[in-house]
Protein chains: 2
Amino acid sequence: MKIENTKAQMRKGVLEYCILLVLDGKPLYASDIIESLKAAKMIVVEGTLYPLLTRLKNDGLLAYRWEESTQGPPRKYYELTDTGRTFLGELEGSWTELVMAVDKIKSNKA
Amino acid sequence: MKIENTKAQMRKGVLEYCILLVLDGKPLYASDIIESLKAAKMIVVEGTLYPLLTRLKNDGLLAYRWEESTQGPPRKYYELTDTGRTFLGELEGSWTELVMAVDKIKSNKA
DNA sequence: TATTAGTACCATGCAACACATAGTACCATA
DNA sequence: TATGGTACTATGTGTTGCATGGTACTAATA
């Protein structure tokens with residue numbers, strides 16, 4: 001229904017920010033990232049995450065290395081590049097501006 | 001550049017919310033809406049606003065009436081419908097969830 | 001009356017991203 | 001060899017903000 005669609009629209013641009021935030025610490029692979037986001041009630045599934053990780057890697061914001069697993073296929077561990085860390089700072093600024101703009105509109109009405 | 005593009009992506013879904021917020025008071029016409037958003041540092045131009053107002057009206061969230069002006073062409077004054085007011089409440093919830101999710105991710109990292 | 005400037009509004013195509021779907025591949029186990 | 005679990009890949013769709021080019025109304029001026 002319409003609110004679900006609008007929620008998806010609201011996540012545009014923000015999901016990227018969240019992923020860079022989650023990776024601003026130690027390297028993680030996709031399942032870890034999904035769990036971290038889930039813990040924050042940002043529900044994302046693999047079909048959304050993998051293409052986004054690929055895009056961020058292609059944009060130079062993330063790098064990955066393969067790591068063997070004792071429990072299944074090898075895993076791609078992602079981490080921020082220097083470029084990614086810089087861009088994360090810019091996203092931080094953009095997000096803060098957006099939130100403040102919305103707060104200001106809220107407080108200005110009757 | 002890329003951050004400008006991401007800012008535009010972040011506004012997806014949020015701009016609709018802001019417009020309904022601004023109109024949750026007294027009826028306004030396009031130029032008033034632009035000024036209110038501008039005061040909150042949400043910069044929007046006519047080419048963005050008119051199509052969005054039309055879409056919201058077509059979705060049943062807004063209604064308008066023409067009003068003569070003493071200084072130029074007649075103006076469309078927009079206001080929320082009952083449906084629009086209800087949907088605004090849902091948007092409020094969605095936005096709050098998103099902001100809280102981002103805050104949680106921020107506070108969870110190292 | 002005709003023209004011009006200012007103001008208000010409209011139509012449309014493009015770019016970008018979240019998402020869903022269908023698929024492949026690796027590893028452990030039977 | 002076959003199967004289940006896990007990890008990852010490829011791709012097309014739908015939606016919205018945006019830019020661009022346009023029309024129309026009104027007041028002022030010539």
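Protein chains get the first letters and strands the later ones, always in sequence-line order, with residue 1 at the start of each. Predicted model only: the values in this text are computed from it and were never measured.
The nearest heavy atom of DNA chain C to B/Tyr78 and to A/Lys12 marks one nucleotide each, and the one closer to the 5' end goes with B/Tyr78. Take the nearest nucleotide of DNA chain D for A/Thr54 and for A/Gly72: the residue whose nucleotide is more 5' is A/Gly72. Mapping B/Leu15 and B/Ser69 onto DNA chain D by nearest heavy atom places B/Leu15 closer to the 5' end of the strand.
The shortest side-chain heavy-atom distance between A/Arg11 and B/Lys12 does not fall under the 4.5 Å cut-off. Side-chain contact between A/Leu49 and A/Leu15 is absent, with no heavy-atom pair separated by less than 4.5 Å.
Rounding to whole angstrom units, NZ of residue B/Lys7 and C1' of D/dC18 are separated by 15 Å. The separation between B/Ile19 atom CD1 and D/dC18 atom C1' is 13 Å, rounded to whole Å. As a whole-Å value, the separation of B/Lys2 NZ from C/dA15 P is 16 Å. As a whole-Å value, the separation of B/Ile34 CD1 from C/dT7 P is 13 Å. To the nearest angstrom, C1' of C/dT12 lies 15 Å from CG of B/Asn58. Following rounding to the nearest Å, A/Lys57 (NZ) and D/dA10 (C1') show an atom-to-atom distance of 14 Å. Rounded to an integer number of Å, the gap from B/Asp59 CG to D/dT15 P is 11 Å. Nucleotide C/dC27 holds its P atom 10 Å from the CH2 atom of A/Trp66, rounded to whole Å.
Here the CE atom belonging to A/Met42 is positioned 9.0 Å from the CD1 atom belonging to A/Ile19, to the nearest 0.5 angstrom.
Contact annotation for A/Pro74: backbone-only contact, meaning every heavy-atom pair under 4.0 Å involves sugar-phosphate atoms and none involves a base. Note on B/Glu67: nothing from the nucleic acid sits closer than 4.0 angstrom, heavy atoms only. Using a 4.0 Å heavy-atom cutoff across all strands shown, B/Leu53 reaches no nucleic acid atom at all. At a threshold of 4.0 angstrom between heavy atoms, the contacts of A/Glu4 with the nucleic acid are absent.
Each of C/dC19, D/dC8, D/dA19 was ranked by its minimum atom distance to the side chain of A/Ala8; first place goes to C/dC19. In this structure, the nucleotide among D/dA19, C/dC27, D/dC8 sitting nearest to the side chain of B/Pro51 is D/dA19. Across D/dG17, D/dA10, C/dC26, the shortest atom-to-atom separation from the side chain of A/Pro73 is found for C/dC26. Of the candidate nucleotides D/dT16, C/dA20, C/dC9, D/dT16 has the atom lying nearest to any side-chain atom of A/Gln9. Here D/dG17 is the nucleotide among D/dG17, C/dC17, C/dA8 with the atom lying nearest to any side-chain atom of B/Glu16.
Qualifying side-chain contact (heavy atoms from CB on, under 4.5 Å) partners for B/Thr83, counting only residues two or more places apart in sequence or in other chains: B/Leu61, B/Thr81.
For C/dC17, the OP1/OP2 oxygens have a side-chain nitrogen or oxygen of B/Asn5 closer than 4.0 Å. For D/dT9, the OP1/OP2 oxygens have no side-chain nitrogen or oxygen of A/Tyr50 closer than 4.0 Å. Using a 4.0 Å cut-off, no side-chain N or O of A/Arg55 falls inside it from OP1 or OP2 of C/dA16. The phosphate of D/dG17 has neither OP1 nor OP2 within less than 4.0 Å of any side-chain N or O from B/Arg11.
No hydrogens or angles considered: a donor-acceptor pair under 3.5 Å links the side chains of B/Tyr17 and B/Glu92.
Stacking of B/Lys76 on the aromatic ring of B/Tyr29 is not recorded, the 6.0 Å distance cut-off and the 45° axial limit not both being met.
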